[in-house]
A.B. asks: 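Handing you this structure, nothing more for now.
Chain letters run A, B, ... following the sequence lines, proteins first and then strands; every chain starts at 1. Just so you know, these numbers use all the heavy atoms, side chains as well, and skip hydrogens, waters and symmetry mates.
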Protein chains: 2
Amino acid sequence: MLTLDTTATMQQQLRSAFSHWVDLSDSQWERLSSVFSARRTAAREFVSQPGDNAHNLYFVVSGLLRFFYISPDGKETNKAFVAENEFAGPLASAALGLPLYFGIQALENTEMLVAPLADFSALYGADPLFERLGRRLAEQQLVRKELRMRSMLEKNARERYLDFVSLNPLLAERIPQYHLASYLGITEVSLSRLKRGIEDGV
Amino acid sequence: MLTLDTTATMQQQLRSAFSHWVDLSDSQWERLSSVFSARRTAAREFVSQPGDNAHNLYFVVSGLLRFFYISPDGKETNKAFVAENEFAGPLASAALGLPLYFGIQALENTEMLVAPLADFSALYGADPLFERLGRRLAEQQLVRKELRMRSMLEKNARERYLDFVSLNPLLAERIPQYHLASYLGITEVSLSRLKRGIEDGV
DNA sequence: AGCCGATCTTAACAAATGATAAGGCGGTTC
DNA sequence: GAACCGCCTTATCATTTGTTAAGATCGGCT
């Protein structure tokens, strides 16, 4: 159970994160923060399932989430990992008005702040600054997807793995190998093989 | 050489395209259209090269452009194809303030309207509607990248090819196979092989 | 007609990755 | 301690994709 004190700390962390994107006055912050509420999830629990009609914007205070697709034949593929101080949300599917097409699972005990995307985007019309915030969040997601897409097109699995570890050394330790393999677009068996080759090569 | 008349037609086409994203008053349209200018490029000509400091937003009036990365060892990889009535621009790299990391080549004789991205984004502060337009363009790019990423992760080359052809039957005819192969993340030899397998299977 | 450049196909072989099955290892639970 | 569970590794074999090289086709140009 969250105490008031804990919630206040989490909100402070959220405000600090937002301040990287836009300058918020106190009243703007008040309005913005009012759409977020705290939520905790234990490791391995599912935060939401594909098909849910719960379009939310997530801010991870502590812990780690994985976002995953499920193909028609039931296979899961990891789309993203989101750790503390990061945002995530279905801006793309919300833009299309589609139901949620991915699921979210906590890989660790996770504290997050959650805003219904409808509430968040309702702010856009209220103040151009929120519109700007929305644009910048979308642009940030664009940057990530762009880099990942390029990596998929230009590099083989071995290079993608080495890049991931070198860019996210701490995160790589926290993600089970079979989830990381799925994120890289290969099987866990193949990743295990790649790692052996890399170690032997040293 | 563009006649006034032709330019007017092109601008009309641009306005119609923008109207899918936001409702523009005449004065808003006037301000917005003032940052665009017409440009023509012959088939096979390069519109810009990686490393250029020319961040532009493109609207293709007629023809076809390909956007491509170049890896350190000089290999080209196609990032996107943009045909008539579509927008494209380095929203991601612009968000990061990075130099342009991809090149653009016309695959057909192409007419386009071009706006320096700095001029376009300068409009954001002038009117929340432009900020909204910017957000929606970013979200649209997000949707495309999302779908493509998912396709790369969940499907093999054969399925990606079939999906592309079935979603873009006309476009597929206009793109040389070796460029399409690069877009799909495989070699032209491999794509040729896949096509044979598909035909034989029929 | 003859040449040439751009595109596509094919073949033969190599390398990368997938599929399946088996087992190991550490931690938790009963 | 025994039985699990989650995770990782290994081996074997099949499939997919890459590499290289050669030739075919088509159009435009001289």
A.B. asks: A:Met10 and A:Met112: which non-hydrogen atoms are nearest, and at how many Å?
C.D. replies: CE-O, 3.6 Å
A.B. asks: Earliest and latest nucleotide of DNA chain D, 5' to 3', sitting under 4.0 Å from a non-hydrogen atom of chain A?
C.D. replies: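 The contact span of chain A on DNA chain D goes from D:dG6 to D:dT12.
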A.B. asks: Test ring pair (Phe, Tyr, Trp, His ring centres under 6.0 Å) on B:Phe130 and B:Tyr124 and set out the steps.
C.D. replies: CA-CA 5 Å; B:Phe130 296 133; B:Tyr124 291 165; 8.4 Å; no
A.B. asks: Give the residues of residues 187-194 of chain B touching DNA chain C, defined as any heavy atom closer than 4.0 Å, sorted by residue number.
C.D. replies: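 Result for residues 187-194 of chain B: B:Glu188, B:Val189, B:Ser192, B:Arg193, sorted by number.
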A.B. asks: Give me the residues of residues 150-171 of chain B where at least one heavy atom lies under 4.0 Å from an atom of DNA chain D, by number, or none.
C.D. replies: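 Output list: B:Asn156, B:Ala157.
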A.B. asks: Mark up nucleotides 22-30 of chain C, 5' to 3', with B wherever a protein heavy atom is under 4.0 angstrom from a base atom, S wherever such an atom reaches only the sugar-phosphate, and - elsewhere.
C.D. replies: ---------
A.B. asks: State, yes or no, whether a side-chain contact exists between B:Leu153 and A:Arg148 at a heavy-atom distance under 4.5 Å.
C.D. replies: yes
A.B. asks: Could you tell me which non-hydrogen atom of B:Ile104 sits nearest to which non-hydrogen atom of B:Phe68, and how far apart they are?
C.D. replies: N-CE2, 3.5 Å
A.B. asks: How are the rings of B:Tyr69 and B:Tyr101 set to each other: parallel, tilted or perpendicular (split at 30° and 60°)?
C.D. replies: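 If you compare the ring of B:Tyr69 with that of B:Tyr101, the planes turn out parallel.
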A.B. asks: side-chain contact (heavy atoms from CB on, under 4.5 Å) between A:Val22 and A:Gln28: does it pass, once the steps are laid out?
C.D. replies: CA-CA 11 Å; A:Val22 288; A:Gln28 286 168 329; over 6 Å; no
A.B. asks: Name each donor-acceptor pair under 3.5 Å that joins a side chain in residues 11-20 of chain A to protein atoms two or more places apart or in another chain, with its distance.
C.D. replies:
from	atom 1	to	atom 2	distance (Å)
A:Gln13	NE2	A:Val61	O	2.9
A:Gln13	NE2	A:Asn85	OD1	2.8
A:Arg15	NH1	A:Asp26	OD1	3.4
A:Arg15	NH2	A:Asp26	OD1	2.8
A:Ser19	OG	A:Ser16	O	2.6

A.B. asks: My understanding is that only residues two or more places apart in sequence, or in another chain, count here; which of them pass ring pair (Phe, Tyr, Trp, His ring centres under 6.0 Å) with A:Tyr183?
C.D. replies: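 In terms of ring pair (Phe, Tyr, Trp, His ring centres under 6.0 Å), with neighbours along the sequence ignored, A:Tyr183 is linked to A:Phe81, A:Phe164.
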A.B. asks: Which residue in the set B:Leu32, B:Leu24, B:Leu123 passes side chain to side chain contact (heavy atoms under 4.5 Å, CB included) when paired with B:Leu129?
C.D. replies: B:Leu24
A.B. asks: How many angstroms lie between CZ in A:Arg66 and CG in A:Asn78, if you round to the nearest 0.5 Å?
C.D. replies: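 The CZ atom of A:Arg66 sits 4.5 Å away from the CG atom of A:Asn78.
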A.B. asks: Look at the aromatic rings of A:Phe120 and A:Phe36 and report parallel, tilted or perpendicular, splitting at 30° and 60°.
C.D. replies: perpendicular
A.B. asks: On DNA chain C, nearest-nucleotide positions of B:His179 versus A:Gly185: which is more 5'?
C.D. replies: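 On the 5' side of the pair lies B:His179.
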A.B. asks: Whole-Å distance between C:dT17 C1' and B:Ile186 CD1?
C.D. replies: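 About 15 Å, once rounded to whole Å.
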A.B. asks: On a heavy-atom basis, which atom in A:Ala138 and which in B:Glu139 lie closest, and how many Å separate them?
C.D. replies: CB-CG, 4.2 Å
